[in-house]
Amino acid sequence: MVNSFLDDIHRPSLPYKFKFKFSGCPNDCMNSIQRADMAVIGTWRDNIRTDEALARRWFAKHGMNELVNDVVARCPTKAIQLQEVRELRAGGTVSAVAVSDSHGLAIENRDCVRCMHCINVMTGALAPGEDKGATILVGGKRTLKIGDLMGTVVVPFMKLASDEDRARLVELGQQIIDFFAENALEHERTGEMIERIGLVNFLDALGIEVDPNMVAAPRTNPYVRMDGWDEEVAKIAARKAAAA
Ligand code: SF4
């Protein structure tokens with residue numbers, strides 16, 4: 001990305017500056033969601049991995065109060081349950097790990113929003129899945145013409161394993177920069193341009209179909225309206241079938 005866009009990054013060749021930021025995981029220590037016109041944040045789409053030996057070691061050191069109050073209770077989407085070991089079952093979309101001879105954790109990965117909290121607290125015992133890629137967001141910035149904006153998800157998951165995958169990322173960056181160059185006002189950041197022209201027009205210009213996995217800000221609802229729920233589900237199923 002740097003090699004492809006270095007000459008374009010700063011005015012006067014563009015209406016105003018354009019920032020890329022890259023974070024390896026959803027902790028986003030780079031603050032890319034707050035500051036970057038185009039943020040690339042590493043994520044995963046399969047199940048959280050578990051390591052029983054490390055989970056038992058963590059539990060022996062920290063105990064039940066911390067497990068319940070700092071791991072289970074702090075999952076923002078209630079994806080984690082404390083379970084008795086005899087009921088613990090991993091499989092399908094559920095990750096499960098025993099922390100002692102009597103108790104364990106079960107994680108419903110369909111409800112996980114990749115906030116990283118449980119993984120940060122029980123590092124190693126819990127770990128991101130292996131099917132990794134990135135979420136692409138556009139429009140983060142600090143105050144300028146309008147107040148601070150967080151980046152908005154435009155691609156919920158992009159695989160970035162091969163040269164072809166990475167070429168697609170560069171292509172998307174080029175599309176966004178070209179659109180910004182042609183449509184932004186003087187001294188306007190990408191997020192402000194999107195606010196002015198409307199997100200739907202921006203996505204339309206990039207040829208990106210809206211999807212319920214796109215969120216306007218972390219841990220909030222999708223910005224996609226789902227009035228015709230059944231038809232939207234049928235469209236998503238058709239897209240998935242075509243991709244498969
Ligand atoms: S990473 Fe997923 S399972 Fe873990 S606390 Fe966050 S939302 Fe819950």
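Treat the numbers as computed from the prediction; the structure is a model and nothing was measured. Counting starts at 1 for both ligands and their atoms, following the listed order.
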Seminar exercise, completed: The closest protein heavy-atom partner of atom 6 (Fe) of ligand 1 is C115 SG, 2.4 Å
Would you mind listing which atoms of ligand 1 come within a distance below 4.0 Å of any non-hydrogen atom of [X]?
{"X": "C118", "value": "1 (S), 3 (S), 4 (Fe), 5 (S)"}
{"X": "M116", "value": "1 (S), 6 (Fe)"}
{"X": "C112", "value": "1 (S), 2 (Fe), 3 (S), 7 (S)"}

Problem set entry | V113 heavy atom under 4.0 Å from ligand 1 |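 Under 4.0 Å: yes for V113.
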Exercise. Short check: any N/O/S atom of C75 below 2.8 Å from atom 8 (Fe) of ligand 1?
Worked result: yes
Exercise. Should we say atom CZ of R166 is surrounded by more than 12 heavy atoms from elsewhere, each under 6.0 Å from it?
Worked result: yes
Exercise. Is the number of heavy atoms from other residues, nucleotides or ligands under 6.0 Å of R57 CZ greater than 12?
Worked result: no
For this session: Decide yes or no for L82 and H103: does some side-chain heavy atom of the first lie under 4.5 Å from some side-chain heavy atom of the second?
Result: yes
Exercise. Taking C-beta and beyond as the side chain, do V210 and L203 meet within less than 4.5 Å on heavy atoms?
Worked result: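 Yes. Closest side-chain heavy atoms under 4.5 Å.
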Exercise. Quick check, are the ring centers of F18 and Y16 under 6.0 angstrom apart?
Worked result: no
